[in-house]
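What follows is a single structure, and I will ask about it in a moment.
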Amino acid sequence: MSDILTHLNQAQKQAVECSEGPVMIIAGAGSGKTRALTYRIAHLINTGVDPFNILALTFTNKAAREMKNRVISLIGSSEGRNVWMGTFHSVFAKILRIDGNNLGYSSNFTIYDTDDSKRLIKSIITDFNLDPKLYAVSFVLHRISSAKSNLFSANDYINDSEIRAADQKSGKGMIGEIFQAYNARLRRSDAMDFDDLLFNTNLLFRDYPEILYKYQHKFRYVLVDEYQDTNHAQYFILKKLAALHENICVVGDDAQSIYAFRGANIRNILNFKNDYPDHKLFRLEQNYRSSKTIVKAANNIIANNKDQIRKTIWTDNDDGELITLLRAKSDQEEATLVANSIFGVKMSQQRKNSDFVILYRTNAQSRNFEEALRKQNIPYKIYGGLSFYSRKEIKDLLAYFRLVINPHDEEAFLRAINYPARGIGKTSIERLQVIADQNEKSLWDVACQINNLNSEINRPTIARIMDFAIMIRSFKAMLHTHNAFDLAKHITASVNIIKELKEDDSPEGISRIENIEELLNAIKDFTTREPEPSLDGNDEQAGMKLLSEFMSEVSLITDADKEDKNDADYVLLMTIHAAKGLEFPYVYVVGLEENLFPSIQSLNTREDLEEERRLFYVAVTRSELKLTLSYAESRFRWGNLTMCEPSRFIDEIDPHFIDKPRRAPFSGPSFLQSSSEMSDTKASKMKPLHPTASQTDATNANESFEASDTTALQTGMTVAHQKFGTGKVISVEGKGADKKATVFFNGFGQKQLLLKFARLQILE
DNA sequence: TCCGATCTATTTTTT
DNA sequence: ATAGATCGGA
């Protein structure tokens with residue numbers, strides 16, 4: 001065992017060596033936070049702590065996996081595999097699968113995702129005959145979710161006069177009742193939602209002291225990453241879990257707390273001091289990631305927040321390049337400028353695509369950048385966005401898997417029985433639900449006995465329901481005799497999903513089939529993967545990998561957990577939230593406009609605005625060498641053109657760190673110009689820049705363009721479009737404001753244009 | 001029961 | 001703009 005501590009700076013070393021008792025590490029962006037945590041675990045093991053006695057909670061499963069691998073290579077032994085590492089949700093799900101039977105759940109309970117929860121709430125609102133406009137599903141779910149993450153049960157909710165008054169005031173006095181019904185239906189389905197994983201773990205520890213003791217005893221050392229993003233439930237459970245040994249180490253940065261909207265509580269950091277008065281506090285303030293310019297600019301930004309623990313982040317790195325600010329006329333032009341800039345830097349600096357990232361506030365912004373990158377032939381990849389596992393075709397197929405593992409899972413039942421169509425319609429399903437409610441049984445139980453029950457369902461439909469039940473039962477029989485992949489393949493083939501999708505040969509239809517293939521490949525990978533060490537440390541189930549095991553992993557997987565393929569070289573596009581913990585040489589933070597970033601919903605309270613600013617801080621501190629900011633003066637939002645003001649956040653950075661705003665020439669070698677010369681800040685406020693030669697050309701091209709009156713537009717005409725160049729009109733449909741033309745443009749292919757917006761010049 | 005046409009809300013972020 | 005929901009007719 002070599003002395004690993006020599007790789008650390010003084011502060012990191014102290015934080016790692018202080019292994020007993022409560023420890024809080026306040027770690028600035030890029031200060032080697034994960035490094036400290038990893039070394040701490042390695043150091044614990046090297047000084048004789050059994051890895052089985054260590055629990056490390058991370059923000060994503062990917063972070064856990066990476067940390068585990070680093071620990072293993074640091075200590076030079078695969079013993080490191082035995083550390084329990086994962087997200088709060090996945091670790092607690094494991095605990096509940098082992099001990100949740102005490103609370104009345106089977107070990108195969110289903111985890112409902114947000115989509116399932118919303119469907120369930122929606123059906124309850126309908127059952128209660130409530131106005132769906134007043135009781136918006138996402139609002140109701142949000143209320144329930146915050147209650148649960150503050151450890152409020154449905155009864156607590158109903159009996160709390162303050163909550164009741166608030167709900168009644170807004171005319172939504174029934175939320176408590178919906179909450180109750182929602183929980184009851186989850187129970188009936190042997191299912192938990194995300195918040196239940198925390199809520200029920202707390203319940204288990206509260207009501208079963210011997211179980212709490214078991215885990216307190218097991219986890220002699222508890223480490224928590226990203227502590228600033230824990231919510232009340234997580235905080236409370238942690239405190240219980242660590243109560244016996246008090247060997248708890250939390251690592252966090254209040255300046256990077258960006259999940260308050262989902263219940264994260266920065267006060268947990270302050271509470272730590274009160275709960276453990278004899279704690280040791282360490283500060284990591286040296287940044288190893290970014291240039292001086294970036295570190296200082298980031299400090300400028302965060303200084304505007306009142307609510308923070310003061311600290312001084314500094315770096316020994318070079319000054320680095322100035323921050324570039326790009327101003328675009330439209331959202332489309334913004335994307336073009338960014339793509340051109342990436343292309344330029346890539347060429348002049350000989351950089352890989354993966355050295356670049358584009359960060360935006362909302363997923364909806366990705367579209368323009370995709371188009372612009374495609375035009376520049378720059379490979380890109382969207383990270384996150386619509387998650388793979390929330391695609392319809394994937395959920396449809398997973399519904400069958402879920403149902404086979406837990407037949408009481410009602411959301412899965414409803415999905416599976418509904419698709420592919422098998423002649424069981426809405427009316428029959430409703431009747432099934434009525435019987436289920438009356439007898440307090442799951443839909444599955446009702447379906448199995450439908451032949452013996454009095455129902456108004458007609459004979460042929462009853463036969464179809466029975467066929468469905470027989471099919472599911474036949475899959476169930478294979479659960480333990482077949483491995484995950486064989487069973488998944490069998491089910492996929494038997495339910496004709498592929499056959500159904502093959503009817504649709506559009507690009508979307510083909511991609512759906514590819515997605516299903518990808519899912520089956522993932523299951524195949526899983527089936528052939530090395531078995532994880534089992535939970536209690538004895539590998540009694542060294543045999544087959546079962547579908548149920550795959551499914552219990554899948555429900556907590558997010559796109560952020562996907563392994564990156566090492567050979568891949570892409571420019572990455574992602575939301576700032578998704579970028580937490582990552583770093584890139586070249587970072588583009590786009591859409592810096594008022595009402596977008598900061599988001600319009602965050603302008604009401606200081607707290608919300610400060611969270612938004614922390615989000616900007618996180619974005620800026622992702623960059624190592626060079627940061628580029630951009631905004632557009634106009635943007636399409638919900639279908640129409642909106643004028644935009646530059647974000648207040650831009651002005652919070654000392655202008656000395658910013659290169660003057662410029663519109664890079666539309667075409668031409670912008671990257672050949674030096675961008676690092678200091679700018680006159682006064683001049684930078686003035687709008688037009690000294691036009692470069694190519695910029696003049698572009699302007700002229702714009703000015704010579706005159707849109708024609710298109711009321712007489714006809715098939716066969718040749719037209720010009722500012723962006724797409726010349727093209728031939730293939731067809732004209734609709735009339736008035738809805739009049740559209742299909743035009744084939746050379747080099748851009750066929751486009752549908754709404755004539756109201758598209759400015760076309762008729763050439764002949 | 002199924003299918004197409006029309007209407008609608010969506011855009012904050014996610015375990 | 002667009003996907004999903006809803007409604008009405010076959």
Side-chain angles (χ1 to χ4, degrees), chain A residues 57-64 86-93 111-115 117-119 122 126 132-133 136-138 141-142 145 148-149 192-198 226 229-231 233-234 257-264 331 359-368 384-387 389-392 418-429 458 460-461 464 508 555-561 574-580 591 595-603 608 611-612 614-616 618-619 635-642 738 740 752-754 756-757:
Chain A
L57 296 162
T58 57
F59 194 69
T60 62
N61 290 304
K62 187 181 175 190
T87 59
F88 277 91
H89 288 86
S90 63
V91 166
F92 292 170
I111 299 171
Y112 273 17
D113 65 14
T114 309
D115 192 51
S117 297
K118 283 187 172 169
R119 279 165 192 268
K122 193 166 182 216
T126 315
K133 286 210 175 102
V137 172
S138 47
L141 179 59
H142 181 246
S145 172
K148 284 184 179 178
S149 41
M192 300 190 199
D193 67 12
F194 288 137
D195 303 304
D196 286 336
L197 296 174
L198 310 182
E226 311 281 11
D229 285 325
T230 51
N231 64 26
Q234 291 166 331
S257 160
I258 52 176
Y259 284 97
F261 73 90
R262 88 177 190 217
D331 48 351
L359 301 178
Y360 35 76
R361 180 72 232 292
T362 66
N363 279 309
Q365 285 165 260
S366 69
R367 212 173 207 170
N368 289 316
L386 183 61
S387 151
Y389 289 100
S390 57
R391 286 166 210 269
K392 184 181 176 298
N418 184 254
Y419 184 88
R422 50 172 60 80
I424 304 170
K426 216 172 138 198
T427 326
S428 309
I429 297 292
N458 60 42
T461 308
R464 291 189 203 110
E508 295 83 24
S555 39
L556 291 169
I557 281 182
T558 61
D559 277 11
D561 294 324
M574 63 181 92
T575 64
I576 300 165
H577 283 88
K580 183 159 118 152
N595 298 338
L596 179 61
F597 193 17
S599 137
I600 192 159
Q601 285 92 337
S602 68
L603 298 178
D608 287 349
E611 170 144 324
E612 207 75 359
R614 291 192 296 270
L615 194 56
F616 186 45
V618 168
R635 171 180 301 276
F636 272 97
R637 295 184 82 178
W638 46 84
N640 42 24
L641 195 65
T642 335
D738 289 330
K740 300 185 259 232
Q752 274 230 328
L753 303 166
L754 204 53
K756 188 168 64 165
F757 295 122

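Order of the sequence lines sets the chain letters (A, B, ...), proteins ahead of strands, with each chain counted from 1.
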Report summary line: Arg119(A) CZ to dG4(C) P, in whole Å, measures 10 Å

Query raised in the report: dT10(B) P sits how many Å from Asn363(A) CG, rounded?
Result: 16 Å

Report task. Check every strand shown and say whether Lys122(A) touches a base, only sugar-phosphate, or nothing at a heavy-atom separation below 4.0 Å. Result -> sugar-phosphate

Query raised in the report: Thr114(A) side chain: which of dT2(C), dT14(B), dT15(B) is closest?
Result: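 Nucleotide nearest to Thr114(A)'s side chain: dT15(B).
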
Requested in this report: State yes or no: are the ring centers of His142(A) and Phe261(A) separated by less than 6.0 Å?
Outcome: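 Not close enough - the centres of the two rings lie 6.0 Å or further apart.
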
**Report entry** Rounded P spacing from dT13(B) to dG4(C) in Å
**Finding:** 16 Å

Query raised in the report: So, is Ser428(A) close to the dT1(B) phosphate, meaning a side-chain N or O under 4.0 Å from OP1 or OP2?
Result: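 Result: yes.
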
Report summary line: Separation of dT14(B) atom C1' from Leu615(A) atom CG, nearest Å, is 13 Å

Query raised in the report: With respect to the side chain of Thr362(A), which nucleotide from dC2(B), dT14(B), dT12(B) is positioned closest?
Result: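 Per side-chain heavy atoms of Thr362(A), the pick is dT12(B).
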
Query - Non-hydrogen side-chain atoms of Leu197(A) and Ile111(A) separated by less than 4.5 Å - result: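 In contact.
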
Report task. Could you tell me whether the side-chain ring of Tyr259(A) sits stacked on the base of dT14(B), using a centroid cut-off under 5.5 Å and a plane angle under 30°? Result -> no

Report task. Provide, to the nearest angstrom, the distance between the NE2 atom belonging to His577(A) and the P atom belonging to dT11(B). Result ->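 Taking atom P of dT11(B) as the reference, NE2 of His577(A) is at 15 Å.
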
Requested in this report: Measure from CZ on Phe59(A) to P on dT14(B) and round the result to the nearest Å.
Outcome: 9 Å

Query raised in the report: Any side-chain heavy atom of Glu612(A) within less than 4.5 Å of one from Leu603(A)?
Result: no

Report task. For the side chain of Thr575(A), starting at C-beta, report the closest nucleotide among dT2(C), dT14(B), dT11(B). Result ->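 Among the listed nucleotides, the one closest to the side chain of Thr575(A) is dT14(B).
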
**Report entry** Non-hydrogen side-chain atoms of Thr87(A) and Leu57(A) separated by less than 4.5 Å
**Finding:**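 Not touching, per the 4.5 Å side-chain cut-off.
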
Requested in this report: Please state whether the base of dT13(B) and the side chain of Arg361(A) form at least one donor-acceptor pair under 3.5 Å?
Outcome: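 Counting by modelled atom types and ignoring angles, a donor-acceptor contact under 3.5 Å is found here.
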
Report summary line: With the side chain defined as heavy atoms from C-beta on, Thr427(A) is closest, among dT1(B), dT12(B), dC2(B), to dT1(B)

Query raised in the report: Within the structure shown, what part of the strands sits under 4.0 Å from Arg637(A) by heavy-atom distance: base, sugar-phosphate, or nothing?
Result: nothing

Query raised in the report: How long is the line joining CE of Met192(A) and C1' of dT15(B), in whole Å?
Result: 15 Å

**Report entry** Between dT11(B) and dT6(C) - C1' atom distance, rounded Å
**Finding:**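 22 Å, rounded to whole Å.
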
Query raised in the report: Among dT15(B), dT14(B), dA1(C), which is the nearest nucleotide to the side chain of His89(A)?
Result: dT15(B)

Query - Among dT15(B), dT6(C), dT11(B), the one nearest Gln601(A) by side-chain distance - result: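 Closest nucleotide to the Gln601(A) side chain: dT11(B).
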
Query - Distance, rounded to the nearest Å, where Lys580(A) contributes NZ and dT14(B) contributes C1' - result: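 My rounded result for the distance is 11 Å.
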
Query - First of Asp195(A) and Ser138(A) reached from the 5' end of DNA chain B, by closest nucleotide - result: Ser138(A)

Query - Where Tyr259(A) and Asp229(A) come nearest, the two heavy atoms and their spacing - result: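 That closest heavy-atom pairing would be N-OD1, 3.5 Å.
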
Requested in this report: Please tell me which of the listed nucleotides, dT15(B), dC2(B), dT13(B), lies nearest to the side chain of Thr87(A)?
Outcome: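 Closest nucleotide among those given: dT15(B).
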
Report task. Measure from CG on Asp115(A) to C1' on dG4(C) and round the result to the nearest Å. Result -> 12 Å

Query raised in the report: dT15(B), dT12(B), dT13(B): which one has an atom nearest the side-chain heavy atoms of Ser599(A)?
Result: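 Selected nucleotide: dT12(B).
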
Report task. Determine whether more than 12 heavy atoms belonging to other residues, nucleotides or ligands lie under 6.0 Å from atom CZ of Arg367(A). Result -> no

